[in-house]
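All remarks here apply to the structure that follows.
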Amino acid sequence: MINAMTVSANGPIGIFDSGYGGLTILKSIRQLMPEYDYIYLGDNARAPYGTRSFEIVYGFTLQAVSKLFELGCPLVILGCNTASAKALRSIQQINLPQIAPDRRVLGVIRPTAESIGVLTKTRHIGIMGTIGTIQSDSYPIEIHKLFPDITVTGQPCPMWVPMVEYREFENEGADFFVRKYVEELLTKDPAIDAIILGCTHYPLLWKKIRKYAPKGIRLISQGDYVARSLRNYLNRHVEMDARCTKGGSSLFLTTESIEKFEESASVFLGKERVKVSRVSLEQI
Ligand code: DGL
């Protein structure tokens with residue numbers, strides 16, 4: 001049950017992802033804004049979201065957002081492209097007015113879409129993402145609102161998340177699937193001169209994607225754009241900024257085992273020792 005949360009909260013910024021990938025977003029945000037407090041929530045027990053239906057991703061994401069609200073977050077970032085594609089709009093329009101009208105939920109697709117205008121000369125771009133993100137058409141929809149002249153071609157890359165999760169991203173075996181998806185995308189539209197890596201895991205495949213994407217093609221990793229857009233948002237919304245506490249702390253929550261999270265988080269966060277707790281989200 002989600003109860004109405006009418007009391008305005010001061011607390012950490014919540015960052016949600018289906019699993020570990022959102023740590024790449026958290027990393028960029030903390031680099032730019034180390035003074036804020038953060039709670040990261042990874043729904044590792046139910047990841048990946050990329051192949052799940054709209055209803056399931058929406059339900060799971062709503063539970064996670066409600067949990068972060070319960071923990072006092074005034075602002076939650078869906079640091080997951082699949083959740084941003086399938087759940088953000090419904091949560092903002094249907095749920096927020098009922099459960100927490102004074103809190104905000106933002107995603108990663110809009111900030112990435114905003115960045116693209118100056119990054120392409122040919123006005124042909126590619127999006128690589130999970131099946132869910134690509135099928136939702138969220139990137140073309142957001143990009144065309146801002147830049148109707150840009151041709152957007154999507155490429156689902158279903159093997160890339162498992163390759164990162166199983167730590168195969170630097171091994172030779174990964175080359176096959178990186179090359180395959182890059183070639184498929186460029187065959188669909190050879191005029192592409194910029195590719196958005198529209199999934200939180202893909203920065204870890206950067207070197208291999210760079211190897212197979214021709215030199216003239218710009219690769220766009222979204223972390224920095226999301227971080228800058230968040231800072232911009234907080235500068236423009238001083239009342240929200242005042243409610244985001246600033247103690248420089250990070251708390252990590254997972255729906256899976258603490259040990260598993262600690263071990264895998266190091267792939268995304270390097271040597272940092274993370275303080276992890278387990279949470280359960282309500283079943284729908
Ligand atoms: N975090 C997801 C995204 O950015 C990828 C992992 C998943 O499929 O759950 O789309």
Side-chain angles (χ1 to χ4, degrees), residues 14-29 40-65 68 76-89 91 105-113 126-142 154-169 174 177-178 181 195-206 209 219-227 229 252-256 260-261 264-265 267-269 281:
I15 314 263
F16 167 68
D17 183 47
S18 56
Y20 303 109
L23 294 171
T24 59
I25 303 289
L26 173 73
K27 197 171 169 184
S28 299
I29 292 177
Y40 181 88
L41 169 54
D43 190 8
N44 303 83
R46 301 188 295 194
Y49 281 14
T51 46
R52 292 189 185 273
S53 66
F54 172 88
E55 290 74 23
I56 294 293
V57 173
Y58 173 32
F60 286 179
T61 306
L62 180 57
Q63 290 170 355
V65 167
L68 287 164
V76 172
I77 312 298
L78 302 185
C80 172
N81 287 272
T82 309
S84 298
K86 294 194 169 195
L88 178 65
R89 190 55 42 96
I91 290 177
V105 181
L106 305 174
V108 289
I109 293 179
R110 177 80 187 192
T112 314
I127 314 287
M128 307 190 90
T130 64
I131 292 174
T133 298
I134 300 303
Q135 282 181 351
S136 73
D137 271 340
S138 298
Y139 270 102
I141 291 167
E142 284 303 323
Q155 176 64 40
C157 311
M159 293 302 289
W160 285 8
V161 167
M163 272 160 28
V164 172
E165 295 269 329
Y166 290 108
R167 303 194 192 183
E168 293 288 346
F169 55 97
F177 283 107
V178 171
Y181 297 147
I195 297 176
I196 293 177
L197 306 185
C199 173
T200 52
H201 285 59
Y202 298 176
L204 282 97
L205 284 163
W206 178 278
I209 302 171
L219 297 183
I220 299 155
S221 183
Q222 54 190 168
D224 291 344
Y225 296 104
V226 172
S229 164
F252 296 84
L253 303 175
T254 177
T255 53
E256 246 287 354
K260 251 176 119 173
F261 189 92
S264 295
V267 176
F268 295 86
L269 290 176
L281 301 177

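We count ligands from 1, going down the list as the structure has it; atoms in each ligand are counted the same way. Residues take their numbers from the sequence shown, with the count starting at 1.
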| query | Do the ring centers of His201 and Tyr20 come within less than 6.0 Å of each other? | reply | no

| field | Residues in contact with ligand 1, criterion: heavy atom under 4.0 Å | value | Asp17, Ser18, Pro48, Tyr49, Gly50, Cys80, Asn81, Thr82, Thr130, Val161, Cys199, Thr200, His201

| field | Test item: Thr255 side-chain N/O and Ala45 main-chain N/O as donor-acceptor pair under 3.5 Å | value | yes

| field | Residues that Tyr202 engages under ring pair (Phe, Tyr, Trp, His ring centres under 6.0 Å), provided they are two or more places apart | value | Trp160

| message | Tell me which one of Thr133, Ile127, Ile134 satisfies side chain to side chain contact (heavy atoms under 4.5 Å, CB included) with Pro156. | response | Ile134

| Any residue meeting ring pair (Phe, Tyr, Trp, His ring centres under 6.0 Å) with Tyr225, in chain and number order, not counting sequence neighbours | none

| task | May I have all residue pairs that pass salt bridge (Lys or Arg N to Asp or Glu O under 4.0 Å) and include part of residues 132-142, sequence neighbours excluded? | result | Arg89-Glu142, Arg110-Glu142, Glu142-Lys145

